[in-house]
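One structure is given here, and the rest of the page talks about it.
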Number of protein chains: 2
Amino acid sequence: METTLSSSAKQSVAVPEPTVRRLPTYLNIIKNLQQAEHTYVSAPTLARILRLDPTQVTKDLSYTGVIGKTRVGYQISELVEALEDFLGFNRKHEAFLVGAGYLGSALIQYQGFRESGMRIVAAFDIDKNKIGTDIAGVPVFHLEKFRDLTERLHITIGIITTPPSAAQNVADLMIGWGIKAIWNFAPIGLKVPEHIILQDTHIYANLAVILNKLDHTALK
Amino acid sequence: METTLSSSAKQSVAVPEPTVRRLPTYLNIIKNLQQAEHTYVSAPTLARILRLDPTQVTKDLSYTGVIGKTRVGYQISELVEALEDFLGFNRKHEAFLVGAGYLGSALIQYQGFRESGMRIVAAFDIDKNKIGTDIAGVPVFHLEKFRDLTERLHITIGIITTPPSAAQNVADLMIGWGIKAIWNFAPIGLKVPEHIILQDTHIYANLAVILNKLDHTALK
DNA sequence: CTTAAATACAGAAAAATTTCTTTAATAAAA
DNA sequence: TTTTATTAAAGAAATTTTTCTGTATTTAAG
Ligand SMILES: NC(=O)c1ccc[n+]([C@@H]2O[C@H](COP(=O)([O-])OP(=O)(O)OC[C@H]3O[C@@H](n4cnc5c(N)ncnc54)[C@H](O)[C@@H]3O)[C@@H](O)[C@H]2O)c1
Ligand SMILES: NC(=O)c1ccc[n+]([C@@H]2O[C@H](COP(=O)([O-])OP(=O)(O)OC[C@H]3O[C@@H](n4cnc5c(N)ncnc54)[C@H](O)[C@@H]3O)[C@@H](O)[C@H]2O)c1
């Protein structure tokens, strides 16, 4: 699966999705290095930290357009900027979240998303006990309020953290009010039109990988 | 990346990791169908729901050893059992969670893991306000208690939901007390010995994919 | 009873992704 | 200064994963 890079240099280059998934991890690490006063980082260094092939890191980073220095690596400040630009982390992305339960609350208060440029500006629920409260400064409204707000604000991302039974309805609502991308955490196959970007995050997929490896290594 | 299937039939067949990641999603869907009184499901049906290639679903399901019926599909009860067996969901896996904050609490109270055979039996924290309380019936202990308990119970999985700064220490502790697999949610590259199964779940990887697609489609 | 449509499945092909190889550059060590 | 070691980068090769093709089967329709 591929996506495209739209650099300031006008051309559009296909970028593998696995690369897109690894890039924010690189960004995170080099930001930590930056805070520790490092100015350069090499691909082999990143590779050791993440147990990846060094040439894979090089190839991934090459999509940012940053040129590394032989025997030194990449200049961190330049790389941070290029990665943030490529990933869209330095643009503002406003999001709505529906389903202010345990997982929803965790996502709302999570400060890490700020660094990704995504800001959850409002949450919605149908539980009377939650409506009117706020979570880490983010107000929780009744789902009905949804319409007015999307029209006034420019919300591109809708996050679904309701029970699976409510998820399709919520998705339909979101689509109706012009949201462009849906980030769904409910374990259900949502039906959405072609033009809507749908990202399912099924946490149990990771668990399955763990259990499988456990079973596998138990035999040896 | 591959993993192996250890079926009751003694042989061991390599299973692609992408397949392992899709299997629990199939399981989830067919369990829903089962509740709706369906008795058979076909690969094209699953493929439509998940927007996958039908032959890919067929290939994935073939690893379970279940034989489908032409023009009808797979028998749901048989498939559920085979998937649960393959994924290890019908075996008991006990887990400890360290870092009973927002995300930790969400994972602890999440009932969905029960269906995967994983049970979080205790949580640990260093925050005095949390120690001594319980979350959905799961007690929160001081991190010090960790040792005694791992020795008495048979804990195979350690879940890390502490801030990144504490994660490496927690991981070292977990390894010291004999845990086999670490499921890490902190955005940091953990150093663990070869024999430890490490699964990082970096939620922002999914966000990166969304933002990238948003940028991409905005240009068209 | 015959035909048509839908499906599973195996194998081949294609596509995507990762890893390997080579080269050139350059910083650090001798 | 010369040598050595480390690295980036480009391209080739290998591997992995997905998609395509063809065949057989079987249910349902005509
Ligand atoms: N908690 C986890 O760790 C976890 C992990 C993986 C997946 N999930 C999934 O995420 C979703 C949320 O999980 P949770 O643990 O936070 O559950 P939760 O019950 O704590 O939260 C669900 C929230 O959605 C609200 N809600 C219900 N129907 C609604 C509707 N029609 N419109 C708006 N809001 C509605 C509820 O009032 C509640 O506040 C579930 O689908 C769950 O399967 C959760
Ligand atoms: N909340 C999210 O949606 C989200 C998303 C992605 C990643 N994460 C990551 O998950 C982790 C937890 O996030 P959170 O939002 O739940 O944060 P949180 O602050 O709510 O929870 C962290 C918990 O860890 C405890 N803790 C701190 N140091 C500890 C130690 N040494 N030993 C044991 N416990 C300790 C704290 O007391 C707190 O209860 C962070 O690393 C965060 O980056 C969170």
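Convention: sequence-line order gives letters A, B, ...; per-chain numbering from 1.
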**Q.** Phe124(B) vs Phe96(B), ring-ring contact (aromatic ring centres under 6.0 Å, His included): CA-CA, chis, key distance, verdict
**A.** CA-CA 8 Å; Phe124(B) 299 87; Phe96(B) 276 171; 5.0 Å; yes

Q | Set of residues satisfying salt bridge (charged side-chain N to carboxylate O under 4.0 Å, His left out) with respect to Arg22(A), sequence neighbours excluded | A |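 Salt bridge (charged side-chain N to carboxylate O under 4.0 Å, His left out) check on Arg22(A) returns Asp60(A).
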
For [X] and [N], give me the distance from atom [atom1] to atom [atom2], rounded to whole Å.
X	N	atom1	atom2	value
Leu46(B)	dC9(C)	CG	P	13 Å
Gln75(A)	dA27(C)	CD	C1'	17 Å
Asp53(A)	dA12(D)	CG	P	18 Å
Gln56(B)	dC20(D)	CD	P	11 Å
Leu61(A)	dA8(D)	CG	P	9 Å
Tyr40(B)	dT7(C)	OH	P	15 Å
Tyr63(A)	dT18(C)	OH	C1'	11 Å
Lys59(A)	dA16(C)	NZ	C1'	12 Å

**Q.** Heavy-atom pair of closest approach, residues Gly88(A) and Asp215(B)
**A.** CA-OD2, 4.0 Å

**Q.** Contact summary for Glu81(B) and Asn90(B), nearest pair of heavy atoms
**A.**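 Looks like O-ND2, 4.3 Å.
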
Q. For every nucleotide of nucleotides 1-7 of chain D, 5' to 3': is a protein heavy atom under 4.0 Å from its base (B), only from its sugar-phosphate (S), or from neither (-)?
A. ----BBB

Q) Do other residues, nucleotides or ligands put more than 12 heavy atoms under 6.0 Å from Phe113(A) CZ? A)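 Result for CZ/Phe113(A): enclosed.
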
Q: Just call it for Ile67(A): base, sugar-phosphate, or nothing, with non-hydrogen atoms closer than 4.0 Å on any strand.
A: sugar-phosphate

Q) Does Arg22(A) place a side-chain N or O at less than 4.0 Å from the phosphate oxygens OP1/OP2 of dT18(C)? A) yes

Q: For residues 106-116 of chain B, pull every pair meeting salt bridge (charged side-chain N to carboxylate O under 4.0 Å, His left out), keeping only residues two or more places apart or in separate chains.
A: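 Those involving residues 106-116 of chain B are Lys31(B)-Glu115(B).
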
